[in-house]
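None of the values given here were measured: they were computed from a predicted structure. For the single chain, residues carry numbers from 1 onward in sequence order.
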Amino acid sequence: MSQFFLQVLNGLNIGSIYALVALGYTMVYGIAKLINFAHGEIIMVGSYTVFVCMTLLGLPVFVAVIISIIVCALLGVIIEKVAYKPLRNSSRISLLITAIGVSFLLQSLFQLIFTSNPKPFPTIINFPPLTIGDFSITANYYLTFVISVILMIVLDRFVKLTKTGKAMRAVSEDQGAAQLMGININKTISITFAIGSALAAIAGILYSSSYPLINPFMGSTLGIKAFIAAVLGGIGIIPGAVLGGFILGLVESLTKAYISSQLTDAIVFLILILVLVFKPAGILGKNRKEKV
């Protein structure tokens, strides 16, 4: 029973990170109808920014984290303006190829700057473990979960209650009608990319705190799994991204413990195939008919 409890904790830890990253995917897709495959590389940029700020510049943790969030938010906006906005009226395959190109560009750039050798991520969480009965939960685990849940709740309230959030929902429903009502489409999409990229930065920092070795390719697998989580829960739906992230994290952790660590990725991708075959809209998604 104790082993099962520990695996559930592991699943909630990595699942909360998947959920944060999946929120970025689902927000961008819901509003811009774009699958931003460069999102995983923004995770990597966030981790490397903290590494540079703390290891090379000697800045304190709080400052390094703030700088990382700002850098990733600005990077997300720049990518949208430079790579995606000129192709907004093009076919989806053009946008998809561009997103993959941006992903490889960022990977190659950071490989050129930092080499492909893993770098040790600095310690940013120095809190005592949480003791519950006979169990001791490290600070990385419970802080990752708590921070992720708080950010998810804040994002949900932001989208539902603020003027900008309502503009996002309007653009998601119908861009043409939203523009006729005076909503600035470009500004709304840029804000969406900024928020999604900021969440990716935080997810990257939390992930690197639990697995303290970073490299230019670290965002690829994490980004793909978070995308699977978004599809599983229902891409374009914020609660769906959260649900998918936690389900995927639990499945991955329990698979490693009770089946085989070598089959973990295979089972994760099998879940994606089954979802696409039997419920393409995801667990919380609804099938919609589109007029062509």
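Residues meeting the side-chain contact (heavy atoms from CB on, under 4.5 Å) test with Thr164, sequence neighbours left out: Phe158, Thr162, Met168, Ile191. By the salt bridge (Lys or Arg N to Asp or Glu O under 4.0 Å) test, Arg157 is found to be paired with no residue, residues two or more places apart in sequence or in another chain being considered. Looking at residues two or more places apart in sequence or on another chain, you find a salt bridge (Lys or Arg N to Asp or Glu O under 4.0 Å) between Lys160 and Asp156. With sequence neighbours excluded, the residues that form a side chain to side chain donor-acceptor pair (under 3.5 Å) with Ser208 are Ser47. Applying the salt bridge (Lys or Arg N to Asp or Glu O under 4.0 Å) test to Asp174 and every residue at least two apart in sequence or in another chain returns nothing. Shown here are the salt bridge (Lys or Arg N to Asp or Glu O under 4.0 Å) partners of Lys256, two or more places apart in sequence or in another chain: Glu252.
Ile189 and Val82 are assigned to two separate hydrophobic clusters, defined by single-linkage of ILVMFWY side chains at heavy-atom distances under 4.5 Å.
The distance between the ring centers of Phe246 and Tyr18 does not fall below 6.0 angstrom.
The aromatic rings of Phe114 and Phe51 sit perpendicular to each other, their planes meeting at more than 60°, with 30° as the lower class boundary. Taking the six-membered ring where tryptophan is involved, the planes of Phe37 and Tyr25 are perpendicular, since the angle between them exceeds 60° and thus also 30°.
Using modelled atom types, one finds no donor on one side chain facing an acceptor on the other under 3.5 Å when comparing Thr192 with Glu80. With hydrogens and angles left out, the side-chain atoms of Ser261 and Thr264 include no donor and acceptor closer than 3.5 Å.
With Ile43 as the fixed residue, the side chain to side chain contact (heavy atoms under 4.5 Å, CB included) test singles out one of Ile202, Leu199, Val21: Val21.
Within the 4.5 Å cutoff, side-chain heavy atoms of Tyr84 are placed close to those of Asn36. Leu206 is listed as a side-chain neighbour of Ser148, based on a closest heavy-atom distance under 4.5 Å.
A distance-only check finds a donor-acceptor pair linking the side chain of Thr255 to the backbone of Val251 [under 3.5 Å]. Remark: the backbone N or O of Ala99 is not paired with any side-chain donor or acceptor of Ser103 at under 3.5 angstrom. Although no hydrogens or angles enter the test, the distance criterion places no donor-acceptor pair under 3.5 Å between the side chain of Thr26 and the main chain of Ala22.
Counted within 6.0 Å of OH on Tyr258, heavy atoms from surrounding residues, nucleotides or ligands total more than 12; the atom is thus considered enclosed.
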